[in-house]
Amino acid sequence: MYCIAIDLGGTIIKIGLVKGAEILEFNSFPAKAGSLADNLPVMKTVIDRLLGKWRVSKEELSGIGLAFPGMVNPKEKRVTSTNDKYDDACDIDLASWVYRNWETLFIIDNDARLALAGEWCFGAGRNSRNMVMMTIGTGIGTGVVLDGRIIKGTHYQAGSLGGHIVVDYRGRRCTCGNIGCVEAMASSFFLSEIIRTHSKISNEYKAKASSYDFKTLFGLMRQGELEATLLCQDCMDVWAAAIINYIHAYDPEIIVIGGGIMRSADIILPYLKERIDRLVWSPENEVEIRASLLGDNAALLGISCTLSTIKKEKCYEQIF
């Protein structure tokens with residue numbers, strides 16, 4: 001059966017028509033900042049167009065899923081915390097919006113957890129029983145499979161706060177309110193601040209690099225530029241510290257790393273593997289570090305996988 005999968009990014013919204021492991025078509029468009037309600041009319045138009053173009057009937061639609069960049073209660077189908085992204089989302093009854101427009105099942109979960117589901121079902125973590133997914137982008141997200149099950153915890157936070165593990169308690173204040181989180185120390189959102197405050201970078205370089213993104217910095221590192229190399233290595237050291245924490249906490253077989261940053265996987269993976277192998281305490285388990293196979297489509301396919309499982313087991317409680 002078909003499903004509609006929505007990946008609600010901080011700046012870009014992606015909506016796809018998915019059938020099993022195949023994304024038949026997707027549209028992406030800029031998000032209207034701040035308000036989820038302001039984006040719903042455009043999202044409805046895109047969904048209606050996809051369903052109409054592919055002639056998908058109500059009976060053929062298994063459901064609509066939303067990957068949200070914040071804390072979610074998937075059982076009650078509501079957003080619980082937004083962390084300065086779509087601040088009105090906690091007050092919107094998305095399940096009613098979906099049923100009112102399309103009379104179908106609705107699911108919602110944290111975006112990194114759904115990316116994990118995609119990689120576990122169809123991608124780099126397929127057939128593993130214990131894995132961690134780390135997504136590196138504007139923020140840093142995680143999801144965890146433990147003993148063949150995606151973990152969620154009492155308040156549906158388990159495994160999804162890997163970007164807010166503290167790696168420097170004297171470090172930078174994070175958007176979550178804590179100090180020294182992985183996200184605060186090495187994410188795209190904080191990159192301009194990372195450059196501005198770096199102790200080994202000249203003021204001249206700081207001024208020139210103030211608007212650089214990771215793609216630019218890793219490109220310059222590849223060319224041998226010293227300042228870019230220092231900046232990239234510092235961030236990779238933070239990511240390695242986070243991954244070591246994940247290994248110590250969850251004992252996975254595989255760590256899968258996703259996000260646009262992995263366009264520089266030729267630099268990042270060897271660096272991380274060397275540092276992690278040297279510093280991790282894992283005497284009986286050499287954890288494999290892999291790049292995502294599904295890239296930016298992982299969450300869309302995770303929604304498809306989740307809806308397929310729900311339909312197969314015919315029990316929403318068993319999933320959430």
Side-chain angles (χ1 to χ4, degrees), residues 9-11 33-34 68-71 80-87 110-112 115 132-144 157 159-221 225-249 255 257-264 267-268 271-272 275-276 279-280:
T11 55
F68 187 82
M71 302 301 294
T80 59
S81 181
T82 63
N83 195 21
D84 296 327
K85 298 171 185 173
Y86 304 108
D87 287 338
N110 171 263
D111 53 357
V132 176
M133 174 86 182
M134 180 185 192
T135 58
I136 303 173
T138 304
I140 292 177
T142 54
V144 177
Q157 296 181 194
S160 65
L161 290 176
H164 299 281
I165 287 175
V166 174
V167 289
D168 183 357
Y169 72 93
R170 295 176 176 173
R172 187 174 295 109
R173 185 170 293 278
C174 186
T175 57
C176 74
N178 205 347
I179 294 172
C181 298
V182 177
E183 188 168 303
M185 304 308 293
S187 69
S188 294
F189 184 84
F190 285 94
L191 187 54
S192 61
E193 183 70 7
I194 293 166
I195 294 169
R196 187 186 68 81
T197 59
H198 200 287
S199 61
K200 297 180 181 179
I201 303 297
S202 69
N203 289 332
E204 292 78 12
Y205 191 85
K206 289 177 181 179
K208 181 175 71 172
S210 61
S211 61
Y212 284 0
D213 57 14
F214 276 122
K215 179 181 178 181
T216 301
L217 286 172
F218 276 104
L220 293 170
M221 180 180 178
E225 185 172 283
L226 176 61
E227 292 88 345
T229 300
L230 288 171
L231 288 162
C232 290
Q233 286 180 342
D234 275 3
C235 289
M236 288 190 288
D237 287 347
V238 173
W239 302 335
I243 291 170
I244 289 168
N245 282 326
Y246 307 153
I247 293 170
H248 290 171
I255 303 280
I257 307 175
I261 195 75
M262 294 312 288
R263 294 182 181 92
S264 300
I267 296 175
I268 294 170
Y271 187 96
L272 291 180
R275 188 170 179 85
I276 291 164
L279 298 176
V280 73

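Start at 1 with the first residue, then count along the sequence.
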Can you name the nearest heavy-atom pair linking [X] to [Y], along with the distance?
X	Y	result
Phe68	Ser81	CE2-O, 4.3 Å
Phe214	Ala186	CZ-O, 4.4 Å
Cys181	Asn178	SG-CB, 3.7 Å
Asn110	Gly70	ND2-O, 3.0 Å

Got a list of side-chain donor-acceptor pairs under 3.5 Å for residues 227-234, not counting sequence neighbours?
{"unit_1": "Thr229", "atom_1": "OG1", "unit_2": "Glu225", "atom_2": "O", "d": "2.8"}
{"unit_1": "Asp234", "atom_1": "OD2", "unit_2": "His198", "atom_2": "NE2", "d": "2.6"}

Interatomic spacing from [atom1] in [X] to [atom2] in [Y] - rounded to 0.5 Å:
X	Y	atom1	atom2	answer
Cys235	Ile136	SG	CD1	9.5 Å
Ile244	Ile165	CD1	CD1	11.5 Å
Ser264	Tyr271	OG	OH	14.5 Å

Partner set under side chain to side chain contact (heavy atoms under 4.5 Å, CB included) for [X], not counting sequence neighbours:
X	answer
Ser192	none
Ser202	Glu204, Tyr205
Leu272	Met236, Trp239, Ala240, Ile243, Ile257, Ile268, Ile276
Arg172	Ala184, Met185, Phe190, Glu193, Ile194, Thr197

Legend entry - Exam field: side chain Tyr246 to backbone Gly162, donor-acceptor pair closer than 3.5 Å: yes

Inset, instruction - Output yes when a side-chain donor or acceptor of Lys206 lies under 3.5 Å from a complementary backbone atom of Arg196, and no otherwise. - result: yes

Legend entry - side chain to side chain donor-acceptor pair (under 3.5 Å) partners of residues 132-144, not counting sequence neighbours, each pair once: none

Legend entry - Contact check, side chains of Arg170 and Ile179, non-hydrogen atoms, under 4.5 Å: no

Inset, instruction - Test Asn245 against Val167 for side chain to side chain contact (heavy atoms under 4.5 Å, CB included), laying out the working first. - result: CA-CA 9 Å; Asn245 282 326; Val167 289; 4.2 Å; yes

